[in-house]
Visitor: 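Here it is, the structure, as structure tokens.
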Amino acid sequence: MIEVTDLSKSYGPIRALRGVSFRVEQGEIVGLLGPNGAGKTSTIKILTGYLHPDEGEVVVNGLDVPTHTLAVQRDIGYLPESAPLYPELSVQAYLKMMAELRQIPEAEQTARISEAVYAAGLEEHLVRPIAHLSKGFRQRVGIAQAIVHQPQLLILDEPTIGLDPTQIVEVRSLIRRLSEHSTILFSTHILSEVEALCDRVIILINGEIKADAHLSELAATSDAVLVLTEAPQGAERTLRDVKGVRHVERLTSPDGYPGYRILGQGAGSAVDLCPAIYDLARENGWPVRELRRDVRTLETVFNELAVGSGSRSGIGGLLQR
Ligand code: ATP
């Protein structure tokens, strides 16, 4: 549904995007994750036709965005970073105006608006002026206008920014519901948002894509954790000799038992060390309490990428709430 190839964008001397390429397939919910200034909004504005790239191709729903801007904009639902709401209008009047701008036939408008209102949970607030709504409800109005024409593709720029924790939970569950019928690309600088909502994450740092993968792929590691009820002599050395092991660290499990973190060759490697470690433990009669493959958190992955790219932001540039 979205195909971006080698996108570059500069603002004077600032290189906001450098050779960005990615795809979003129908039915996916994809998070564009990055710290402040990473280039998320620039990417989204280019995708939605509100900004021209310097170089590169952007195709949405099979249409080249710079050439067919209006047709693309008709087919997508877009929530900009600050939704252009009219505070003096009631929710109902605003959505009616948006339905007309979207050229929804008069006879269908009531049904479409009701569906958007219901999906966004705005039933109780129809006649209230937008100015009287809380920030969370204003955000819902922004989302309702983005879905009133029933787009198959929704592009949301930081949909939960500035909301309190309860509002964040509500807007996230709204996005989850919408993802049942629409393809969704949203930007965020909140790690847990990606973990809560996404199939796939694209990590953007300093205008470059540093990772594009399913969360389970990012979390995958060949590292293993072995916990024993007591530590046998020489176990560490024996573990180090297992094929594919790079390093062995001692650890203590949360319930106080001795154990080892056995690091494999290369981060993200698909090799599972557990079968070999299991055989070794059985041969040596070690009292095994736990043996599992270790996983990396998105936080760890992000920090590795930020450090690798020389970004000063690191995890400090992202929120983990
Ligand atoms: P944030 O999370 O803070 O919104 P972002 O990831 O959305 O950041 P962008 O807003 O795309 O990042 O900005 C990328 C870079 O381009 C930043 O260095 C920003 O200062 C710069 N930039 C963005 N818009 C403009 C502009 N209109 N003029 C000059 N520089 C700009």
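For the numbers below, each heavy atom of this structure counts, side chains included, while hydrogens, waters and symmetry mates do not. Numbering of ligands and ligand atoms starts at 1, following listing order. Position 1 is the first residue of the sequence, and the numbers go up from there.
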Visitor: Check this for me, if you would: do R261 and D294 make a salt bridge, where the nitrogen-to-carboxylate-oxygen distance has to be below 4.0 angstrom?
Guide: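 Looking at R261 and D294, the cut-off is met.
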Visitor: So if I count the atoms of ligand 1 from 1 in the order they appear, which ones are less than 4.0 Å from some heavy atom of N36?
Guide: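 Under 4.0 Å from N36, ligand 1 has these atoms: 1 (P), 2 (O), 3 (O), 8 (O).
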Visitor: Salt bridge between E208 and K210, side-chain N to carboxylate O under 4.0 Å?
Guide: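 Salt bridge between E208 and K210, a charged N being under 4.0 Å from a carboxylate O: yes.
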Visitor: Below 3.5 Å, N or O to N or O, backbone or side chain included: is there any such pair between G37 and ligand 1?
Guide: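 By distance alone, the answer is yes.
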Visitor: Any protein heavy atom at under 4.0 Å, with atom 25 (C) of ligand 1 as the reference point?
Guide: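 Flag for atom 25 (C) of ligand 1 set to true, protein heavy atom closer than 4.0 Å.
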Visitor: Would one find an N or O of H189, backbone or side chain, under 3.5 Å from an N or O of ligand 1?
Guide: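 N/O-N/O distance below 3.5 Å does not exist for this pair.
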Visitor: Can you pull out the closest protein heavy atom to atom 10 (O) of ligand 1? Residue, atom name and distance to 0.1 Å, please.
Guide: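 Its nearest protein heavy-atom neighbour is T41 CB, 3.7 Å.
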Visitor: If we only count heavy atoms from C-beta on, is the L280 to W286 side-chain gap below 4.5 Å?
Guide: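 In short, these two side chains touch, coming nearer than 4.5 Å.
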Visitor: Quick one: does N61's side chain have a donor or acceptor within less than 3.5 Å of a partner on L63's backbone?
Guide: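 Looks like no, no N/O pair under 3.5 Å.
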Visitor: Mark up the atoms of ligand 1 that fall under 4.0 Å of a heavy atom belonging to P35, in ascending order.
Guide: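 Those qualifying, in numeric order: 6 (O).
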Visitor: For residues L47 and V4, determine if any side-chain heavy atom of one lies less than 4.5 Å from a side-chain heavy atom of the other.
Guide: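 When only atoms from C-beta onward are counted, V4 and L47 do touch, with a gap below 4.5 Å.
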Visitor: Going by an N to O cut-off under 4.0 Å, is there a salt bridge joining D157 and K45?
Guide: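 No salt bridge links D157 with K45.
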Visitor: So is G39 in contact with ligand 1, going by heavy-atom distances below 4.0 Å?
Guide: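 Under 4.0 Å: yes for G39.
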Visitor: Which heavy atom of the protein is the closest neighbour of atom 11 (O) of ligand 1, given with residue, atom name and distance?
Guide: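 Atom 11 (O) of ligand 1 sits closest to the protein heavy atom S42 OG, 2.6 Å.
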Visitor: For atom 18 (O) of ligand 1, which protein heavy atom lies nearest, and how many Å away is it?
Guide: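 That would be I14 CG2, 3.7 Å.
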Visitor: Counting C-beta onward and ignoring hydrogens, is there a side-chain heavy-atom pair between L156 and I175 closer than 4.5 Å?
Guide: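 Of all side-chain heavy-atom pairs linking I175 with L156, at least one is under 4.5 Å.
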Visitor: In this structure, does ligand 1 have an atom that sits under 4.0 Å from one of the heavy atoms of E81?
Guide: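 It does; at least one heavy atom falls under 4.0 Å.
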Visitor: Quick one: does any side-chain atom of R177 pair with a main-chain N or O of A119 as donor and acceptor, under 3.5 Å?
Guide: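 Yes; judged by distance alone, with no hydrogens or angles, the pair exists.
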Visitor: Within the 4.0 Å heavy-atom shell around A16, which atoms of ligand 1 are there?
Guide: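 Within the 4.0 Å cut-off of A16, ligand 1 contributes 14 (C), 15 (C), 16 (O).
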Visitor: Which protein heavy atom lies closest to atom 21 (C) of ligand 1, and at what distance to 0.1 Å?
Guide: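 I find the closest protein heavy atom is Y11 CD1, 3.8 Å.
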Visitor: Is R200 salt-bridged to E25, cutoff N-O under 4.0 Å?
Guide: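 The answer is no: the pair does not qualify as a salt bridge.
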Visitor: So is there a nitrogen or oxygen of A38 less than 3.5 Å from a nitrogen or oxygen in ligand 1?
Guide: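 Between A38 and ligand 1, an N or O pair is found under 3.5 Å apart.
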Visitor: Check for me whether E158 has a heavy atom closer than 4.0 Å to any atom of ligand 1.
Guide: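 Contact check E158 vs ligand 1: positive.
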Visitor: Check this for me: does any side-chain nitrogen of one of R172 and E170 sit under 4.0 Å from a carboxylate oxygen of the other?
Guide: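 The answer is no: the pair does not qualify as a salt bridge.
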Visitor: Quiz question for you: does at least one protein heavy atom lie closer than 4.0 Å to atom 1 (P) of ligand 1?
Guide: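 At least one protein heavy atom is under 4.0 Å away.
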